[in-house]
Every structure is written in structure tokens, then in C-alpha cells.
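Contents: one structure, followed by commentary.
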Amino acid sequence: MGASLFWIVACAVIAPLLAGLFPRKLVPEVVLLLAAGIVIGPHVFDLAVAGSEIDLLRELGLGLLFLLAGYEIDTAEITGRGGRRALLTWLISLALAFTVVSLLSLAHVVDAGTAVAIAMTSTALGTLLPILRDAGGLDTQLGRTILNHGAFGELGPVVAMAVLLGSRGSVASIVVLGLFTAAAVLVAFIPARVRREGSRITAIIRSGSETTSQTTVRLTMLLLVALTVLAAEFGLDTILGAFAAGFILRRATPEGDETLETKLDGLAFGFLIPIFFVTSGMAIDVAAVASEPGVLIAFVLLILLVRSGPVYFAGRFDRGADGTDPPFTVRERTQLALYAGTGLPLIVAVTGVAVDSGDMTSANASVLVAAGAITVLLFPLAASLLASMPEPVADPTGPGARGDKNPGSRP
């Protein structure tokens with residue numbers, strides 16, 4: 001375990017150094033972490049293996065990735081006009097995915113069709129967060145729209161996994177999912193009640209947050225572990241518990257807590273999340289991927305069709321939270337679609353469930369995970385290149401659209 005952990009952590013250190021060598025960091029660090037994992041993994045140089053101890057660190061990294069994604073979601077946004085549009089768009093993506101997979105299944109091209117369909121509708125919001133944050137795009141209208149689609153692109157597939165891939169049947173899974181939601185809501189009242197009462201406990205927590213006690217970080221980790229364990233006890237994917245923990249943490253600190261956020265970023269992105277991505281790369285069978293180049297390219301193209309296509313179309317009708325903003329330009333809609341089609345962590349999770357159930361082979365899972373890695377490499381890169389291009393002269397969406405007339409109207 002010691003040697004494996006050394007190589008994994010070494011990859012985590014080398015990846016950002018290599019990413020910094022590329023102009024404007026056009027190659028995401030996540031891709032380099034995956035590539036490094038492939039190199040040190042059992043399918044190439046066999047320098048590291050994922051034992052039980054590393055699997056635990058991996059699960060914590062995955063949990064923090066989704067906790068931070070849930071924390072970034074603005075409840076007012078996802079329940080408002082943009083959020084409702086994002087939910088409808090994801091449902092259209094899911095219906096389109098099942099249609100495509102059904103046609104491919106008839107031709108005996110696809111096995112584990114349900115898992116493949118769910119994987120195609122995912123958006124790697126947790127993966128996109130550092131990319132958008134580094135680019136300063138989170139506080140723009142385009143950034144908020146990406147967050148809306150990303151929220152349902154993560155939450156939707158997780159719920160679909162619980163209902164459609166569960167071993168207990170769809171109806172029973174829905175009931176269990178409802179029970180988990182009710183339990184999570186009850187958990188959410190605890191930090192909110194403590195914060196409102198301004199009790200001595202609150203004072204102790206605040207005073208200990210800047211000492212070696214680090215009370216706020218410890219409470220956050222307790223919340224994460226408690227909800228992931230609760231999800232596991234209900235027979236649900238632990239990702240759902242981690243995402244719920246992020247929502248609850250935001251509810252407990254509605255104004256945000258910059259100090260806590262900095263500490264969580266250090267713990268998550270500094271150590272645990274890189275371990276998740278490196279170990280994900282270690283699981284990719286390079287030989288299996290190389291033997292199925294057509295399937296690899298086809299899956300990437302299907303993600304563009306199923307996930308990016310509906311998001312691009314929905315972007316035509318986005319007018320901001322109050323419905324008065326100018327429409328997105330063609331370039332912005334293309335950026336939005338590319339970011340929404342970026343998927344990886346949930347593809348890893350969905351294929352893992354399918355492999356464990358015996359519905360999918362490890363070789364096929366490797367191809368799908370590799371396709372997800374390609375979306376992380378190419379889609380944000382293409383979106384970044386589009387952002388650096390000059391605004392088009394006119395937007396064909398109609399009157400009031402931006403072009404050269406009002407290039408700086410959207411914040």
C-alpha cells in the first residue's frame with residue numbers, strides 16, 4: 001500500500017506542474033491525473049494497485065468532489081426559471097439517450113443499455129468547478145447557466161441510478177429514495193437550528209474553527225460521512241449522500257464561509273480528489289480501449305448528440321433569472337453545450353455499478369471511462385478556445401441578440 005500511495009501522490013504533484021506548462025492551462029489537470037494513473041496502473045507499468053486503504057481514500061475524494069459540487073449550487077437558481085429549464089433539458093436528454101440506446105440494442109451493438117443511457121446524460125460539475133473557477137466564469141450569467149445544467153446533470157443521473165439500476169425494483173427504489181430524502185431533510189434542520197439559536201455550542205464551533213480543533217472542517221466531514229453511510233444503508237449510491245451533504249452545508253452557511261471553503265479546497269483538491277482521478281485512470285484497460293476505437297469515438301459523439309444537443313437548443317431560450325437578459329450568442333450556446341457534455345465521475349460510477357452487477361464487462365467499462373476522459377480533455381478546451389475568439393458580427397437568433405452591437409452586456 002505504501003509504494004502505491006507514493007506513486008499516486010507523486011502523480012498528484014506532477015500533474016499541476018505539467019498543466020502549467022501548457023499555454024493558458026488548456027489541458028485540464030484532471031486529464032493529466034487520469035493519464036498518470038494509466039501509466040502507473042496495472043495495465044501499463046504496474047507501479048501501483050488500488051487496495052482497500054487506497055479505495056477508502058478514493059471514496060473520500062469522490063465524496064468531497066460531489067459535496068463541493070452540491071455546495072456551489074444556488075437553490076434559488078435551480079428552483080427558478082433557469083433551473084426548471086435545466087431540469088426539462090436533462091429529461092429530454094434522458095429520453096433521447098434511451099431512444100438511441102434502444103436502437104443500438106436492437107442491432108446488438110450495446111449491452112447494459114440502461115447504464116450506458118444514464119452515463120450519456122451526465123455532466124461533470126465537480127470536474128468543471130476548478131476549470132470555471134480558474135477562468136473566473138462562475139459569477140457570469142453563462143457560468144450560472146452551466147451550474148444549473150451541471151446540477152441536474154449530476155443529480156439526475158444519480159437518482160436514475162438509484163431507481164433504474166437498483167436491485168430492489170423501480171417502485172421499491174423510489175420508496176427508498178423518498179425515505180432517504182426525508183432523512184436528509186431532517187439532518188438539514190440540525191445545523192440550521194444550531195445556527196439560528198446562537199447557542200454556546202455555536203460559539204464553541206466558531207472559536208474552534210481557527211484553532212487546532214478545526215471544528216467546522218470536522219463537522220463538514222462528519223456530515224459527509226454520515227450522509228454517505230446513510231445512503232449506503234438505504235442501498236443507494238454514496239454519491240447521492242455526498243451531493244446532499246453539499247446542499248445541507250450551503251443551507252447551514254447561506255452567505256458562504258470563505259475560510260471554510262479555503263480549508264475544504266485544500267483538503268479536497270490538495271489531496272483526496274486527485275487520488276480519485278489517479279485511481280480512476282489506473283482502472284482503465286488501455287489494451288481494451290485500443291481494441292475498440294470505433295466504440296470510443298461513437299460514445300463521444302453520442303454524448304454530443306444526447307447531452308450537448310438539447311443544452312445547445314435550450315440556450316436559445318435563456319434570458320437570465322428575470323427573463324430580461326439578452327439571449328446567448330451562438331458562441332456562448334456552443335460553450336454551454338460543450339461544458340454540459342463534459343462527463344467523467346458519474347460515468348465511472350455508473351459503469352462501476354454495471355460491472356459489479358455483471359451487466360457490463362470491465363473492458364467495455366474502460367472504453368466508456370476513456371470516452372468520458374476525452375470529453376474532459378476536449379470539450380472544456382474547445383470551450384476555452386471559443387471564449388478567446390472575437391464576438392461574431394451578428395447572432396441569428398433574432399432581434400435583441402448580442403453581436404457587435406452590444407458585446408459586453410452580459411456580466
Side-chain angles (χ1 to χ4, degrees), residues 55-56 58-71 73 75 78-79 83 86-88 90-91 93-95 97-98 101 112-123 125-126 150-192 220-252 343 345-360 365:
D55 281 341
L56 176 60
R58 168 191 166 86
E59 289 300 315
L60 285 173
L62 178 62
L64 278 170
L65 184 69
F66 278 86
L67 178 143
L68 292 174
Y71 180 78
I73 301 304
T75 306
I78 64 171
T79 56
L87 173 59
L88 177 60
W90 181 80
L91 291 173
S93 292
L94 185 65
F98 273 108
V101 166
T114 300
V116 173
I118 294 172
M120 286 193 294
T121 66
S122 67
T123 298
L125 179 58
F152 289 105
E154 289 202 328
L155 185 58
V158 169
V159 173
M161 286 171 59
V163 174
L164 301 177
L165 298 181
S167 59
R168 59 172 64 87
S170 297
V171 175
S173 295
I174 292 172
V175 172
V176 170
L177 184 62
L179 292 174
F180 171 79
T181 302
V185 169
L186 290 176
V187 172
F189 278 109
I190 298 175
T220 300
M221 294 306 297
L222 174 62
L223 176 65
L224 171 63
V225 172
L227 283 175
T228 52
V229 169
L230 182 65
E233 289 297 319
F234 277 102
L236 303 171
D237 198 283
T238 56
I239 290 175
L240 184 60
F243 208 71
F247 273 111
I248 293 172
L249 183 61
R250 171 59 74 181
R251 188 176 187 276
L346 276 169
I347 294 177
V348 174
V350 172
T351 54
V353 171
V355 169
D356 290 342
S357 65
D359 294 329
M360 182 182 292

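Heavy-atom basis, side chains included; hydrogens, waters and symmetry copies ignored. Along the sequence shown, the residues carry numbers beginning at 1. Everything numeric in this text was worked out from a predicted model, so none of it was measured.
From L88, atom CG reaches atom CZ of F152 across 10.5 Å, with rounding to the nearest 0.5 Å. Here the CD1-OG1 distance, from I248 to T220, works out to 11.5 Å after rounding to the nearest 0.5 Å. Summarising the geometry, atom CG belonging to L249 is positioned 8.5 Å from atom CG belonging to L68; distances are rounded to the nearest 0.5 Å. We find the CG-CG distance between L236 and L165 to be 12.0 Å, quoted to the nearest 0.5 Å. Expressed to the nearest 0.5 Å, how far CD of E233 lies from CG of L179 amounts to 13.5 Å. Going from atom CG of D55 over to atom CG of L62 covers 11.5 Å, rounded to the nearest 0.5 Å.
Among all heavy-atom pairs drawn from G150 and T123, the shortest one is CA-CG2, 3.8 Å. Counting all heavy atoms, side chain and backbone alike, A151 lies closest to I73 at CB-CD1, 3.5 Å. Across all non-hydrogen atoms, the minimal contact from A162 to L177 is CB-CD1, 4.5 Å. Residues A244 and L227 approach most closely at C-CD1, 4.0 Å, considering heavy atoms. Nearest approach of S122 to P157, heavy atoms of both residues: CA-CG, 3.9 Å. Closest approach of T238 to A231, counting heavy atoms only: CA-CB, 4.3 Å.
Side-chain atoms of T228 and E59, non-hydrogen and from C-beta on, never get closer than 4.5 Å to each other. Between F243 and V158, the closest side-chain pair of non-hydrogen atoms is not below 4.5 Å. Looking only at side-chain heavy atoms (C-beta outward), M360 and V353 stay at 4.5 Å or farther from each other. Side chains of T114 and I118 form a contact here, defined as non-hydrogen atoms less than 4.5 Å apart. When side chains are defined from C-beta on, F247 counts as touching I78, because their heavy atoms get closer than 4.5 Å.
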How far apart are the C-alpha atoms of V116 and T351, what are their side-chain angles, what is the distance that settles it, and do they pass the side chain to side chain contact (heavy atoms under 4.5 Å, CB included) test?
-> CA-CA 8 Å; V116 173; T351 54; over 6 Å; no

Carefully, step by step, assess F98 and L164 under the rule side chain to side chain contact (heavy atoms under 4.5 Å, CB included).
-> CA-CA 12 Å; F98 273 108; L164 301 177; 3.7 Å; yes

Kindly indicate, with the supporting measurements, whether the criterion side chain to side chain contact (heavy atoms under 4.5 Å, CB included) is fulfilled by I239 and M161.
-> CA-CA 10 Å; I239 290 175; M161 286 171 59; 5.5 Å; no

